[in-house]
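These figures come from a predicted structure and were not determined experimentally.
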Amino acid sequence: MLLVFLHVAPPNPLSQQYSRQINAWVFPLFEQNWRLFAPDPESVNRQIVARTMHTAPDGRVRVSDWSDLTAVDNAAVRHNPFPSHTAQNMLRRAWSCYLETHGADDLPRTQRALMTQQYLANIAADRVAAHRGGTFESIQLRVVTLPVAAPAADGTRPAAVAPKPVDTRYLPWWKVESHGN
């Protein structure tokens, strides 16, 4: 509670002196924005999928098939009258934050970027372990971005403009805390 208070309080000597430590704890768990009051609807649909890698004791490397993390989130929300905020937004917001802190080369250049990368990798690893199981030490994400067509002037159907191309981004393999037996 104290760290959150220092984060949202007006600047003072204590919060300025310990801003790095306060921000390291507050972000990304308690990120604040005004979207509740002024929502910015998504202009793209993203599909985030993950695959895992495990090195067996004999040295053989096994790479799993891709697991659709977005589909798992959508299934948790669909037909649920009270879906959790976590099911609706955690993965999507982690990806948005990753885009804000990383360049096209996927190299973290700040502590916040590194923390965001670890956060995204941990979410993906936890989701894969919970829904598919198995043993793995590394994870890779693929993000497919499909622009949403703008509505027609009458708002009834998508406008008849050429859609933007689909963008597919492969992230590097990331080491994660060992999952499985």
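- Residues Leu120 and Leu91 share a closest heavy-atom pair of CD1-CD1, 4.0 Å.
- Among all heavy-atom pairs drawn from Gly103 and Arg169, the shortest one is O-NH2, 3.0 Å.
- Between the CD atom of Gln21 and the CG atom of Leu6 there is a distance of 11.0 Å, given to the nearest 0.5 Å.
- The two residues Pro108 and His102 have their closest heavy-atom pair at CB-NE2, 3.6 Å.
- Trp174 and Leu114 fall into different hydrophobic clusters, defined by Ile, Leu, Val, Met, Phe, Trp and Tyr side-chain heavy atoms under 4.5 Å apart, directly or through other members.
- Note on Val26 and Leu14: same hydrophobic cluster, where clusters join Ile, Leu, Val, Met, Phe, Trp and Tyr whose side-chain heavy atoms are under 4.5 Å apart, directly or indirectly.
- Ser67 has its side chain out of reach of Arg51: every pair of non-hydrogen atoms, C-beta onward, lies at least 4.5 Å apart.
- More than 12 non-hydrogen atoms from other residues, nucleotides or ligands lie less than 6.0 angstrom from CG of Asp105.
- The cluster map of Ile, Leu, Val, Met, Phe, Trp and Tyr, joined by side-chain heavy atoms under 4.5 Å apart, puts Leu99 and Met90 in the same cluster.
- Inspection of the Arg112 and Thr101 side chains reveals no N or O donor paired with an N or O acceptor under 3.5 Å.
- In this structure, the side chains of Lys175 and Met53 stay at 4.5 Å or more apart for every pair of heavy atoms.
- Looking only at side-chain heavy atoms (C-beta outward), Val144 and Arg46 stay at 4.5 Å or farther from each other.
- At least one side-chain heavy atom of Val143 sits under 4.5 Å from a side-chain heavy atom of Trp95.
- Glu137 contributes a side-chain N or O that, together with a main-chain N or O of Thr55, makes up a donor-acceptor pair within less than 3.5 Å.
- Asp73 has no carboxylate O lying under 4.0 Å from a charged side-chain N of Arg92, or vice versa, which leaves the two without a salt bridge.
- Rounding to the nearest 0.5 angstrom, the gap separating the CG atom in Asp167 from the CG atom in Leu146 is 10.5 Å.
- Distance CG/Leu141 to CH2/Trp173: 9.5 Å, rounded to 0.5 Å.
- Note on Val72 and Ile48: separate hydrophobic clusters, where clusters join Ile, Leu, Val, Met, Phe, Trp and Tyr whose side-chain heavy atoms are under 4.5 Å apart, directly or indirectly.
- The hydrophobic cluster containing Val44 does not contain Tyr98, counting ILVMFWY residues as joined when their side-chain heavy atoms lie under 4.5 angstrom apart, directly or transitively.
- Arg142 places a side-chain heavy atom less than 4.5 Å from the side chain of Thr168.
- If you check the side chains of Arg132 and Thr52, you find a donor sitting under 3.5 Å from an acceptor.
- At distances below 3.5 Å, not a single donor-acceptor pair connects side-chain atoms of Gln47 with backbone N or O atoms of Thr145.
- Within the 4.5 Å cutoff, the side chain of Phe136 has no heavy atoms near those of the Ser138 side chain.
- A 4.5 Å side-chain heavy-atom check between Thr116 and Gln111 finds every atom pair outside the cut-off.
- Atom CD of Gln17 is separated from atom CG of Asn12 by 10.5 Å, given to the nearest 0.5 angstrom.
- Residues Val4 and Trp25 are in side-chain contact: their nearest non-hydrogen atoms beyond the backbone lie under 4.5 Å apart.
- Rounding to the nearest 0.5 angstrom, the gap separating the CD1 atom in Ile123 from the CD atom in Gln118 is 12.0 Å.
- How far CG of Asp68 is from OG1 of Thr70: 5.5 Å, rounded to the nearest 0.5 Å.
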